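Here you go, one structure.
As the structure is a prediction and not an experimental result, all values here were calculated from the model. Remember, it's 1-based here, ligands and their atoms both numbered in the order they're listed.
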Amino acid sequence: MSPPFGLTMLDLTLSPDQLTLQERAHAFAETVIRPVSRHHDTTGEWPEAVVRQAWEQGFLQAAVPKELGGPGHSQMDEVVVNEEIAWGCAGMYTTISANTLATAPLHIAGSPEQRKRWLTRLLEAPRVAAFALSEPEAGSDAGAVTCTAVRRGDVYLLNGTKCYVTGGAYADYYTVFAKTDPGKGARGLSTFVLARDTPGLRIGKAMDKVGHRASNQVLLHFEDAEVPSANLLGAEGAGFGIAMKTLDQTRAVVAAGGVGLARAAYELALEHAKTRVQFGQPIFANQAVSFVLADLATHIEASRLLTWQAAWMTDQGMRNSKQSAMAKAFATDTAMEAALQAVQILGGHGYSRDSLAEKFFRDAKLMQIYEGTNQIQRLVIAKEIQQGR
Ligand code: COS
């Protein structure tokens, strides 16, 4: 592997504003999210009060640019904030950060009018937007989308079904990927913004999940859903590139979520290891335990460095497909490992619902799956290195 000639110096110092943001996000996670996290995990209720408070803090609408009156978070700001939110609760993290995913196509391909129209809606009230790419038969193979969009005068008629639409039951609007030219495969994919009240749009069944229960994932059905042609983002056929560029950006945010969850599990395990006395000494005194924690601490720091690198590259306008995929896979694999080890180190208590370890364990699994499985991340990394990037 050659040295990273293309990478100019990476400065990892957080600015005073970012340190303040980090402290504010941590306090929010500790005082607003954590106290109600178990309740929402048990009931699966939508965390409306947390969403409202995330909006009051500027975390929900973080990606709305300053020139439109929003907080205008950079990608670095986003990963710093989302690590803390996921430390508080992975499900709430998924709910709050979904706006970043849903609005990325507007940033990437929206006209100034489209950006103004849709992004400013997130400033008016605690609203969420939802990203609709996956379909029952098009998950990892995103180019195989079968939803169609047929132009009829000033509207497109959308037909088909989307699945795993995060926040979909509560969303104010959706960024949706549909084929305008099915014969062209991935090159026939286009991106649209659909308002919630679009005629022909029906919100379907919600998924009953193992973890991330404070987040909502639904089916969306389109039956001749009428979308004004003004809601097409970019050109017809540009949709696959928009989806890939979106995921390049947002996988760093998922990686930050992985770091936050890994840290929460590690802290729980470390605290237990230092205080649980067996055979006359804290169990941390056993290298079988302390080496596990040493490895986790190393992997968490490495995950954060990969995450910050990928986010920093987005902020520099650099292609980060490889770095973003590396960060996502490594950080969320680390979250899974940390959660597994937390259960093991806590022993019987770790397997009880009285401990958060079992929640971390259920939450971590989804992070290895969503926004591209970690097998897909390795596919992206392999394609990038094959091409010498
Ligand atoms: N940025 C810009 N363009 C990109 C790109 C990127 N990061 N990645 C691919 N493209 C372009 C390619 O250059 C190619 O363009 P041309 O048609 O002009 O040649 C086109 O997109 C197709 O690329 P590729 O051949 O690599 O696509 P594949 O279908 O082989 O696979 C993967 C692409 C597997 C990487 C993609 O389908 C993927 O990311 N799948 C996972 C989807 C996912 O994460 N789903 C979760 C949804 S979020 S809940």
Counting from 1, what ligand 1 atoms have a heavy atom of Lys383 closer than 4.0 Å?
24 (P), 25 (O), 26 (O), 27 (O), 28 (P), 30 (O), 31 (O)
A student checking ligand 1 against Ser321 at a 4.0 Å heavy-atom cut-off should list atoms 7 (N)
Between ligand 1 and Phe240, can you find any atom pair, the residue atom being a heavy atom, that is separated by under 4.0 Å?
yes
What do you think, any protein heavy atom under 4.0 angstrom from atom 7 (N) of ligand 1?
yes
Evaluate Tyr164 for polar contact with ligand 1, using N/O atom pairs at a separation under 3.5 Å.
no
Work out whether the distance between some heavy atom of Ala243 and some atom of ligand 1 is less than 4.0 Å.
no
Answer yes if a protein heavy atom lies under 4.0 Å from atom 22 (C) of ligand 1, otherwise answer no.
yes
State whether a side-chain donor-acceptor pair under 3.5 Å links Asn99 with Gln61.
no
Which option, Gly239, Ser324, Gly372, owns the non-hydrogen atom nearest atom 46 (C) of ligand 1?
Gly372
Please determine if Asp141 has a nitrogen or oxygen closer than 3.5 Å to a nitrogen or oxygen of ligand 1.
no
Go through ligand 1 atom by atom and flag the ones less than 4.0 Å from a non-hydrogen atom of Ala142.
37 (O), 42 (C)
Considering non-hydrogen atoms of the protein only, which is the closest contact for atom 44 (O) of ligand 1, and what is the distance?
Arg251 NH2, 2.8 Å
Would Tyr351 and Gln344 count as having a side-chain donor-acceptor pair, cut-off 3.5 Å?
no
Assess whether ring pair (Phe, Tyr, Trp, His ring centres under 6.0 Å) is satisfied between Phe131 and Phe177, documenting all intermediate values.
CA-CA 9 Å; Phe131 181 82; Phe177 294 81; 5.3 Å; yes
Please work out, at 4.0 Å between heavy atoms, whether the side chain, the backbone, both, or neither of Leu101 comes within that distance of ligand 1.
neither
In the structure I gave you, are the side-chain heavy atoms of Leu346 and Ser352 within less than 4.5 Å of one another anywhere?
no
To check your reading of the model: name the closest protein heavy atom to atom 34 (C) of ligand 1, its residue, and the distance in Å.
Leu379 CD2, 3.8 Å
Spacing of Asp363 atom CG and Lys209 atom NZ [to the nearest 0.5 Å]:
9.5 Å
From Glu358 atom CD to His349 atom NE2, the distance as rounded to the nearest 0.5 Å:
10.5 Å
Specify side chain, backbone, both or neither for Ser140, according to which of its non-hydrogen atoms lie closer than 4.0 Å to ligand 1.
backbone
May I ask you to check whether Lys245 has an N/O atom sitting below 3.5 Å from an N/O atom of ligand 1?
no
Side-chain donor-acceptor contact under 3.5 Å, Thr146 with Glu135
yes
Val380, portion touching ligand 1 at heavy-atom distance under 4.0 Å
side chain
Do Ser190 and Thr180 have a side chain donor and acceptor closer than 3.5 Å?
yes
Is there any N or O on Phe131 that sits under 3.5 Å from an N or O of ligand 1?
no
Joining Ile, Leu, Val, Met, Phe, Trp and Tyr whenever any side-chain heavy atoms lie under 4.5 Å apart, the cluster holding Tyr164 also takes in Met207
4.5 Å side-chain heavy-atom contact, Val79 and Trp308:
yes
Can you list every pair that meets ring-ring contact (aromatic ring centres under 6.0 Å, His included) and has a residue in residues 69-113, with sequence neighbours left out?
His26-Trp87
Is Lys383 close to Val380 at the side-chain level, that is, under 4.5 Å between some pair of heavy atoms?
no
Protein contact to atom 32 (C) of ligand 1 [nearest heavy atom, distance to 0.1 Å]:
Met244 SD, 4.4 Å
Any N or O of Ser134 closer than 3.5 Å to N or O of ligand 1
no
Working to the nearest 0.5 Å, report the span between CG of Leu68 and NZ of Lys66.
12.5 Å
Counting heavy atoms only, which of Gln217, Arg187, Gln375 comes nearest to atom 19 (O) of ligand 1?
Arg187
Under-4.0 Å protein heavy-atom contact, atom 14 (C) of ligand 1:
no
